Amino acid sequence: MDLIIGGAFQGKLEYAKEHFGIAESGVFRCERTAVIDPEARCIYGLEDYVYGCIKEGVEPSLDFAPDAVLVGREVFSGVVPMDAEVRRFREEYGRYLQKLASRCTTVTRMFCGLPQRIK
Amino acid sequence: MIVFISGGCKNGKSTLAEDLAVKLAGDGPRYYVATMVPHDEEDRARIEKHRSSRRGKGFETLECAEDVSACAKGRSGGTFLLDSVTALVSNMMFKEDGTVDEKCSVKASSELLGLARGSANSVFVSDFIYADAEGYGDLTESYRRQLALTDRALAGAADLVIEVCCGMNIIHKGGMPL
């Protein structure tokens with residue numbers, strides 16, 4: 001499994017597709033529900049998936065296809081959110097990404113369209 | 001050489017940009033492209049801070065709220081420091097007449113790259129505003145997207161890309177000039 005993270009609009013999905021040769025049809029786009037396709041080649045929007053899991057009271061999965069490319073937005077550099085639900089999301093999603101990153105072969109962080117391998 | 005600098009606010013981006021521009025310019029002319037249109041006392045105080053930090057570094061200041069190509073005209077051999085892409089994109093998107101251009105990154109990127117390619121050196125400063133958990137309204141999200149697309153065009157064309165974090169430099173592309 002490979003993880004790609006970065007802020008909003010930094011080119012995460014473009015890089016995932018280009019670097020790993022993934023077509024749009026191979027991308028599962030998460031919505032704010034606990035629904036996910038564990039077999040998908042690329043899972044985009046982990047932040048929405050985890051938010052959905054919290055709302056539905058489900059533990060988010062850490063098991064994906066061995067060649068899965070997982071894409072999540074970094075949401076950790078702002079002021080502590082006023083909204084309690086968003087605060088909880090930020091915390092749980094942060095811990096989730098740490099666990100996920102430890103299971104991934106590579107972790108790449110996108111900065112203004114440029115990839116930086118951090119694992 | 002094209003340099004692109006971004007990072008959080010108050011981390012030392014402008015100081016680094018000034019020092020790099022001075023170094024790259026050598027004996028050549030150096031221009032500071034000022035993009036901020038002051039709206040209140042706070043803005044004027046910020047501008048004064050930046051001005052005094054630049055004093056003695058030999059920059060000629062060019063006021064440029066929007067029209068980048070006009071300020072590049074006739075100064076092709078120079079070194080340009082543009083601070084900031086953030087303010088420029090904001091000026092280009094939110095017009096004086098109240099209209100909003102939600103595709104302004106196309107024009108912003110092409111004019112900024114035009115400035116970069118037509119000059120000896122250029123240094124661009126932007127702000128990294130993309131990593132918080134709270135959602136914004138549609139217009140702010142649209143602005144963040146336009147700024148990010150402009151940033152990415154500049155970072156893609158740049159020889160040197162630096163993220164500044166508490167005065168430290170994280171180099172994403174290229175190497176520091178000697």
Side-chain angles (χ1 to χ4, degrees), chain A residues 3-19 30-32 45-55 71-97 107-118, chain B residues 2-11 13 84-86 89 93 102 105 108-109 112-113 124-138 140-166 169-174:
Chain A
L3 178 63
I4 298 170
I5 55 158
F9 313 120
Q10 296 305 297
K12 300 181 292 295
L13 184 58
E14 286 91 329
Y15 177 76
K17 286 177 168 176
E18 198 183 294
H19 186 77
C30 302
E31 290 173 24
R32 283 196 170 181
L46 290 171
E47 66 282 1
D48 284 333
Y49 167 61
V50 172
Y51 207 116
C53 288
I54 293 170
K55 283 175 85 168
V71 183
R73 177 157 54 89
E74 282 185 273
V75 301
F76 311 107
S77 302
V79 177
V80 177
M82 290 290 282
D83 188 292
E85 188 176 272
V86 181
R87 271 203 304 281
R88 186 172 159 213
F89 154 67
R90 197 173 73 144
E91 255 197 68
E92 295 202 12
Y93 175 50
R95 291 185 212 286
Y96 171 80
L97 277 189
V107 178
T108 302
R109 177 176 176 250
M110 297 302 293
F111 179 81
C112 301
L114 303 176
Q116 183 184 37
R117 177 101 169 249
I118 57 176
Chain B
I2 305 173
V3 182
F4 177 77
I5 300 172
S6 190
C9 70
K10 299 289 153 288
N11 274 272
K13 300 187 300 292
S84 61
V85 179
T86 324
V89 170
M93 180 159 164
E102 295 196 59
S105 63
S109 307
L112 289 170
L113 290 175
F124 298 98
V125 180
S126 195
D127 290 88
F128 197 82
I129 54 166
Y130 308 107
D132 42 7
E134 240 24 305
Y136 294 96
D138 289 347
T140 309
E141 282 300 320
S142 174
Y143 167 69
R144 293 210 300 172
R145 179 188 292 275
Q146 292 308 303
L147 180 61
L149 291 173
T150 311
D151 286 349
R152 284 160 57 184
L154 289 170
D159 304 293
L160 173 61
V161 176
I162 307 169
E163 178 184 3
V164 180
C165 181
C166 48
N169 305 324
I170 302 164
I171 297 183
H172 289 273
K173 186 184 193 181

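No experiment lies behind these values; they were computed from the predicted model shown. Proteins come first, then strands; the chains are lettered A, B, ... in the order of their sequence lines, and each starts at number 1.
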Quiz item: Is A:Leu97 close to A:Glu74 at the side-chain level, that is, under 4.5 Å between some pair of heavy atoms?
Solution: no

Practice problem: Check each atom of A:Arg109 against the heavy atoms of chain B and say whether the ones under 4.5 Å are side chain, backbone, both or neither. | Solution: side chain

Exercise. Show the numbers, then the answer: is there a side-chain contact (heavy atoms from CB on, under 4.5 Å) between B:Thr86 and B:Tyr143?
Key: CA-CA 10 Å; B:Thr86 324; B:Tyr143 167 69; 3.2 Å; yes

Quiz prompt | Most contacts with chain A, counted as non-hydrogen pairs under 4.5 angstrom, among B:Gly8, B:Ser126, B:Ala133 | solution = B:Ala133

Self-check item: Among the listed options B:Gly156, B:Ala148, B:Ala153, the residue most often paired with chain A at heavy-atom distances under 4.5 Å
Solution: B:Ala148

Self-check item: Atom group of A:Glu14 that falls short of 4.5 Å from chain B, counting heavy atoms
Solution: side chain

Practice problem: May I ask you to check whether over 12 heavy atoms, not counting those of A:Glu18, lie within 6.0 Å of atom CD? | Solution: no

Exercise. Could you walk me through whether B:Arg144 and B:Glu141 pass salt bridge (charged side-chain N to carboxylate O under 4.0 Å, His left out), step by step?
Key: CA-CA 5 Å; B:Arg144 293 210 300 172; B:Glu141 282 300 320; 3.1 Å; yes

Quiz item: Which residues from residues 45-54 of chain A are near chain B, with near meaning under 4.5 Å between non-hydrogen atoms?
Solution: none

Practice problem: Indicate yes or no for a side-chain donor-acceptor contact from A:Lys12 to the backbone of A:Met110 under 3.5 Å, with no hydrogens or angles considered. | Solution: no

Quiz item: Can a salt bridge be assigned to the pair A:Glu91 and A:Arg87 using a cut-off of 4.0 Å between side-chain N and carboxylate O?
Solution: no

Practice problem: State whether the side chain of B:Glu163 and the backbone N or O of B:Ser6 hold a donor-acceptor pair below 3.5 Å, judged by distance alone. | Solution: no

Self-check item: Greatest number of heavy atom pairs closer than 4.5 Å to chain B - which of A:Pro81, A:Gly6, A:Pro115
Solution: A:Pro81

Practice problem: State the CG-CZ distance between B:Asp151 and B:Phe128, to the nearest 0.5 angstrom. | Solution: 8.5 Å

Exercise. Tell me, for B:Leu149 versus chain A, whether the close heavy atoms (under 4.5 Å) come from the side chain, the backbone, both or neither.
Key: neither

Quiz item: Can you find a pair of side-chain heavy atoms, one from A:Val80 and one from A:Arg90, that are under 4.5 Å apart?
Solution: yes

